[in-house]
Amino acid sequence: MEDVSQRSLATRFLGKDYDLPFGVAPMGMCNLIWPGSDKLLAEASRIHNIPVCLSSAASSSLEDMRQWAGDNAWFQLYVGQSVDASLEMVERAKRAGYQTLILTVDVPQVSRRPRDQKNGFDVPFRMGPKQLFDFATHPVWSLTSLVHGVPKPQNFRSEDGNVKFERRASRAGADWQFLDRLREIWPHHLIVKGVMSADDAVRIQRSGADAIYVSNHGGRQLDSAPSALSMLPLIRAAVGPDFPLIIDSGIRCGEDVVKALALGADLVMLGRPILYALGAQGRIGLNALIRFFAEDMSLAMAQVGVCNVDGISKNILHVPAGAIDERPGTSLHIASKQA
């Protein structure tokens, strides 16, 4: 019976005001989904005033994304192939004017990813009978992609200007020593992504990172990993109530965003739903999805008597019996069986 006639989804994260408490997670090769997807994401980030994260493995350059999305653009760094090349990418991000850098640490080695193998997705791309059939039965996508050219990773260019991207190269260079070095040379906001351990979160917090990004990489790296949502309360308890936390993985609707905020996140990132919307309807689908997420969030907040993002807390949640670890010395833990 609270007055919820006036509700706001606005939030503030790392000193910047956003209109919504969610943004676009870093994803590689988005232009494969639909030509110009990265530019559409940048456009949407301006329209809705949300952050958009460009992956190192993106099909658009970090310089272009910064120009398209302005201060809403964040850059995500993989440390692969060579540390020197990765540091050069950091310098490029600095010169381009990025204010937020995300270091991804949960891919020391790319997993086998059976779904990619089943679908014939590999880098470099190889054409087979299944791919020919797929292209023939999706003529609009095929012809449009043909006109715009085959997307390539744009941020792994060699000195001669050619793209050189080794998808299965070790990314184990993102170790503790690299984090310390990165903190020394990067003067702006630094976020560490792929954290699923409370102990690691505390160590990252002490290293001087500005935020922690809780993620199991969309479940694509380790099948046995718990859900990111189940680890979020543990990490929140470990780093304290005020340290900035982001989460992605498994977010599929506006109510999921509310749940994540209630469990301790300050900002939520969307991955697969964004790509599904782009693949279905391009610009129209993308903007419709963002509006749907915002509407669902607002409606959920109304039902639980909350008028703004700051009012969302774990008090609005009902957790089934047996799903929480409440033993002495442990923090709130939603069991991974719910993943």
Side-chain angles (χ1 to χ4, degrees), residues 4-27 30 37-54 65 68-76 98-100 102 189 191 193 210-215 218 228-229 232 244-278 280-313 316:
V4 292
S5 57
Q6 301 296 322
R7 300 183 300 281
S8 171
L9 301 183
T11 193
R12 187 172 179 81
F13 187 78
L14 294 181
K16 187 172 180 354
D17 293 321
Y18 296 104
D19 290 350
L20 300 170
F22 57 83
V24 181
M27 296 173 285
C30 292
S37 285
D38 289 330
K39 196 168 186 178
L40 293 179
L41 291 172
E43 177 187 281
S45 79
R46 286 183 177 273
I47 292 172
H48 303 282
N49 188 27
I50 58 176
V52 56
C53 309
L54 186 80
M65 179 56 83
W68 296 334
D71 289 341
N72 285 346
W74 297 1
F75 180 63
Q76 174 265 336
Y98 281 86
Q99 298 298 304
T100 302
I102 300 172
H189 294 134
I191 300 171
K193 178 181 183 290
D210 297 292
I212 286 172
Y213 193 143
V214 182
S215 172
L229 199 65
L232 177 60
L245 291 182
I246 308 175
I247 188 173
D248 72 12
S249 304
I251 305 297
R252 295 294 180 267
C253 64
E255 287 189 18
D256 288 347
V257 176
V258 175
K259 295 172 190 175
L261 296 174
L263 287 170
D266 297 295
L267 194 68
V268 179
M269 292 299 186
L270 311 180
R272 284 188 180 93
I274 293 288
L275 293 186
Y276 296 159
L278 281 167
Q281 281 188 299
R283 175 186 285 109
I284 295 173
L286 172 62
N287 286 286
L289 179 94
I290 294 172
R291 290 195 300 270
F292 292 157
F293 263 75
E295 182 181 4
D296 287 349
M297 271 200 70
S298 183
L299 291 172
M301 289 165 58
Q303 305 308 320
V304 298
V306 174
C307 293
N308 53 59
V309 172
D310 289 341
I312 299 174
S313 71
I316 69 170

If only atom types and distance count, is the side chain of Asp266 paired as donor or acceptor with the main-chain N or O of Leu245 below 3.5 Å?
yes
Quick one: do Arg291 and His48 satisfy side-chain contact (heavy atoms from CB on, under 4.5 Å)? Show the steps, please.
CA-CA 9 Å; Arg291 290 195 300 270; His48 303 282; 4.1 Å; yes
For the residue pair Tyr18 and Trp74, categorise the inter-ring angle as parallel (less than 30°), tilted (30 to 60°) or perpendicular (more than 60°).
perpendicular
Which pair of non-hydrogen atoms, one from [X] and one from [Y], has the smallest distance, and what is that distance?
| X | Y | result |
| --- | --- | --- |
| Ala265 | Ile247 | CB-CG2, 3.7 Å |
| Met269 | Ala25 | CB-CB, 3.8 Å |
| Leu275 | Cys30 | CD2-SG, 3.9 Å |
| Leu9 | Ala294 | CD1-O, 3.4 Å |
| Leu267 | Leu20 | CD1-O, 4.4 Å |
| Ala262 | Ser313 | CB-O, 3.4 Å |

Determine whether [X] and [Y] make a side-chain contact, defined as any pair of heavy atoms from C-beta on separated by less than 4.5 Å.
| X | Y | result |
| --- | --- | --- |
| Trp68 | Asp38 | yes |
| Phe292 | Pro273 | no |
| Cys53 | Ile102 | yes |
| Val24 | Ser45 | no |
| Ile47 | Ile290 | no |

Could you tell me the separation between the [atom1] atom of [X] and the [atom2] atom of [Y], rounded to the nearest 0.5 Å?
| X | Y | atom1 | atom2 | value |
| --- | --- | --- | --- | --- |
| Ile191 | Ile246 | CD1 | CD1 | 4.0 Å |
| Leu278 | Asn287 | CG | CG | 9.0 Å |
| Asp296 | Arg252 | CG | CZ | 14.5 Å |
| Met297 | Asp256 | CE | CG | 11.0 Å |
| Met27 | Leu270 | CE | CG | 8.5 Å |
| Gln99 | Asp71 | CD | CG | 6.5 Å |

Ile251 vs Phe22, side-chain contact (heavy atoms from CB on, under 4.5 Å): CA-CA, chis, key distance, verdict
CA-CA 10 Å; Ile251 305 297; Phe22 57 83; over 6 Å; no
Just do the side-chain contact (heavy atoms from CB on, under 4.5 Å) check on Ile274 and Leu286 with the steps written out, would you?
CA-CA 6 Å; Ile274 293 288; Leu286 172 62; 3.9 Å; yes
Does Lys16 make a cation-pi contact with Phe13 (under 6.0 Å, within 45 degrees of the axis)?
no
Using the rule given for side-chain contact (heavy atoms from CB on, under 4.5 Å), can you reason through Met301 versus Val4, listing the C-alpha separation, both sets of side-chain angles and the distance that settles it, and then say yes or no?
CA-CA 8 Å; Met301 289 165 58; Val4 292; over 6 Å; no
Give a yes or no on this: more than 12 heavy atoms of other residues, nucleotides or ligands lie within 6.0 Å of atom [atom1] of [X].
| X | atom1 | result |
| --- | --- | --- |
| Glu43 | CD | yes |
| Arg7 | CZ | yes |
| Leu299 | CG | yes |

Taking atom types as modelled and ignoring hydrogens, do the side chains of Ser215 and Asp248 form a donor-acceptor contact shorter than 3.5 angstrom?
yes
By side chain to side chain donor-acceptor pair (under 3.5 Å), which residues pair with Asp19, not counting sequence neighbours?
Asn49
